[in-house]
There are 2 protein chains.
Amino acid sequence: MGQAGERREPTMRDVAALAKVSIKTVSRVINDLPGAGAEVTDRVRAAARSLGYRPNLTASSLRRSDRRSATIGVLFEDLSNPFDAALLRAVEDHARRSGVLVLAGSTEDDHTLQRELLLSLSARRVDGVVVMAAGGHQDALQHERERGTPMVLVDRPPTFGGTDCVTTTNRDSSRAAVLELAALGHRDIAFLGDRSTLWTSQERYTGYLEGLAQAGLTLREELVRTGLHGVDVAETATAALLDLDRPPTALFTAQNLVTVGAMRILRTRDLHRRVAVIGFDDFPLADLLDPAVTVVRQDVPGIGRKAAELILARIDGDTSPPVHAVVPAALVPRGSGEIAPLS
Amino acid sequence: MGQAGERREPTMRDVAALAKVSIKTVSRVINDLPGAGAEVTDRVRAAARSLGYRPNLTASSLRRSDRRSATIGVLFEDLSNPFDAALLRAVEDHARRSGVLVLAGSTEDDHTLQRELLLSLSARRVDGVVVMAAGGHQDALQHERERGTPMVLVDRPPTFGGTDCVTTTNRDSSRAAVLELAALGHRDIAFLGDRSTLWTSQERYTGYLEGLAQAGLTLREELVRTGLHGVDVAETATAALLDLDRPPTALFTAQNLVTVGAMRILRTRDLHRRVAVIGFDDFPLADLLDPAVTVVRQDVPGIGRKAAELILARIDGDTSPPVHAVVPAALVPRGSGEIAPLS
DNA sequence: AACTCCTACGTCAACGTTGACGTAACCGGC
DNA sequence: GCCGGTTACGTCAACGTTGACGTAGGAGTT
């Protein structure tokens, strides 16, 4: 209520007094429930307007039997990451259309923080949560789910049962990317991945292995670099790969920031037109780089929409069996992935 | 609470019954208030844990005299825009450290939507709001502010009084950018701006005019293109500029998406190494483009921190006069802005 | 005319929590 | 043994709203 005024918020009681009706009648009018005459309805509306009455959803949800707060929690790793931000936006859009608002938080892929945020959301009695699970164990998530909180995981599936999730074709699309590179003649294809505690990293790595196998290539362990959290670390790893006696002629970078780091180093070494790159996850301006970056693009709006649909349905009491929705990703050839090896 | 269990949430009453104390004692223990003995405290804690008790912040805030919901609203234009997303993240971080969560929404620069979202936030009794005002009139914002809701505007100042805001050095930095281009010998410097209803666009345009004047250049009206909302429109406008009989040798692009559109067209016309560009707002990968893009970079974390500090202080009852904080932006020379005109 | 039914209200208690206030037990000092 | 003070509880009402239920009056039916 703050510095200006310090007035008490008008309540239904105040409206009732002004309109000379009972508080219950005000409740009926405000909620468009039957049982209020036309003339009384007008009087109540006028009184509410003149007092600047605003319904109190917290009091209402406390008392109502359904207990809805019309609010969901969204916990992603980092809301400033373009992927997370786009996903949040998609979820928010669909939620808003159902009158549901979004409490958003960044978990930093940290269990403790994720747990604290879950508790904070729970204290505010959100109707459900959409979570990008922090890597490693999911104890706090599982506990929250088992309390009955509707939950949808995005990007990464649960390690426990009974919970919906929405992911993309991590493994299949990774395999396809590697086969694409192999088809151009690349035999030394490196894998640069995010922290290997992340399910997506593991899946993409598995896809990489499958791709190599299917192409009849043998894995060179020293071409695999994981645990690359952020652009800086990815740069270092890329530099190290290029310093090998037999450096890779193509890179499969399994996360957007890793792709950026790799491109940056290739650029500084003037190898960007000679070493092929396919990245997982599209990112803004990938098409404007030199060369434009070939990526596996997730359908972010599609994932967000699906996640929103699922959580809203569960909140509405949908008790059908849990769903693992897989939204297909697509290879977007732009140039960097179409560079053939120097023979 | 959803499909699994359908159990009733345990309340303080349940905990009290199990611990064989009064409900008020449970309240004291849960809130770490004095007046509970050591043995009783242990019993209550044990009971709460065994029942899986979770405090109900909505009930608590309804009853408490301070009425805090420990939640603020954040309404930005588009949460998937990198600038907005980074700002949200900065605000969220600082709020969380004070135990405050963030209800986030995108206004799409639409008054109606902004008004609806404000009402939704108000119904949930948020403690305050941080808003990127939609262009044009600010009636709904002003009304909300006058009700006493603590409010901080970011990126754009209020058209009404008594309200804090945080902006950047739009005009000064724009002038500096134009002077930079002029110093290189550019005499035909175009201005490409976002919708001119936006205060930031106007300020940046004013800075552009000041820069021209200070450099002794005359304004060529046909080199000014505004109302460019989004990358596509910016592309069209850039193409039109380049098709002039006497096209500009330098572009000042006054918003990040506009910069992207301009770079894209310069690239397709192979003019990217001949036409200079300075953009307002940094964006991811600006340093990786060819040429790397010289930009005016806002201190986004600084803006977010300041906004969070202000709103939290106001919520805490700070009644000092309203502040217009200006967080300085910096010119980041990377290459595109250092291209001299062909003589 | 007595009846049922419906509409348009009103009254009351309860949602989960906490502020205000009450009280019994105990402590120290004289 | 009495007083004033403190500690550790408990009781009660209230925050703003709504579900359950009550009731008065009118319309329709028999």
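Throughout, a chain's letter reflects where its sequence line sits, starting with A, and its residues are numbered from 1. Reckoned from all heavy atoms, side chains included, excluding hydrogens, waters and symmetry mates. Note that the structure is a prediction, hence the values are computed from the model and not measured.
Atom CG in Leu33(B) sits about 7 Å away from atom P in dG19(C), given to the nearest Å. In this entry the distance linking CE of Met12(B) with P of dT11(D) reads 16 Å, nearest Å. Across the protein-nucleic acid pair, Arg13(A) atom CZ and dT11(C) atom P stand 12 Å apart, rounded to whole Å. As rounded to whole Å, 17 Å separates atom C1' of dT17(D) from atom CZ of Arg68(A). In this structure, Ile23(B) atom CD1 and dC15(C) atom C1' are separated by 11 Å, rounded to whole Å. Regarding Ile30(A), its CD1 atom lies at a distance of 15 Å from the P atom of dG16(D), rounded to whole Å. In this structure, NZ of Lys24(B) is placed 11 Å from P of dG10(D), rounded to the nearest angstrom. Rounded to whole Å, atom C1' of dC15(C) lies 12 Å from atom CZ of Arg125(A).
With a 4.5 Å cut-off on side-chain heavy atoms, Asn81(B) and Phe76(B) do not count as touching. Put simply, the side chain of Ser320(A) reaches to within 4.5 Å of the side chain of Arg314(A), judged on heavy atoms.
One finds a salt bridge joining Asp32(A) and Arg45(A) here, because a Lys/Arg side-chain nitrogen approaches an Asp/Glu carboxylate oxygen to under 4.0 Å. The pair Arg125(B)-Glu9(A) counts as a salt bridge, with a side-chain nitrogen and a carboxylate oxygen less than 4.0 angstrom apart.
Less than 4.0 Å separates DNA chain C from at least one heavy atom of each of the following residues of residues 49-58 of chain B: Tyr53(B), Pro55(B), Asn56(B).
An OP1 or OP2 oxygen of dG16(C) is reached within less than 4.0 angstrom by no side-chain nitrogen or oxygen of Ser60(B). The side chain of Arg67(B) places an N or O atom within less than 4.0 Å of a non-bridging phosphate oxygen (OP1 or OP2) of dG16(D). An OP1 or OP2 oxygen of dC15(D) is reached within less than 4.0 angstrom by no side-chain nitrogen or oxygen of Thr11(A).
None of Glu144(A), Arg145(A), Glu146(A), Gln138(A) except one satisfies the side-chain hydrogen bond (donor to acceptor under 3.5 Å, both in side chains) rule with Gln142(A); the exception is Glu146(A).
Distances were taken from every side-chain heavy atom of Arg28(B) (C-beta onward) to each of dT17(C), dT18(D), dC9(D); the shortest belongs to dC9(D). Between dT17(C), dG19(C), dG16(C), one nucleotide has an atom nearer to the side chain of Leu62(B) than all others, and that is dG16(C).
Residue Ser22(A) is classed as a base contact, given a heavy-atom separation below 4.0 Å to a base.
Each of Ala59(B) and Val40(B) has a nearest nucleotide on DNA chain D; the 5'-most of these lies closest to Val40(B).
Using a distance-only test at 3.5 Å, with no hydrogens or angles considered, no donor-acceptor pair links the side chain of Arg124(A) to the main chain of Gly73(A).
Scanning all heavy atoms of the two residues, the minimum distance from Ser122(A) to Arg54(B) falls at OG-NH1, 2.7 Å.
Between the side chain of Arg63(A) and the base of dT18(D), at least one donor-acceptor pair of N or O atoms lies under 3.5 Å.
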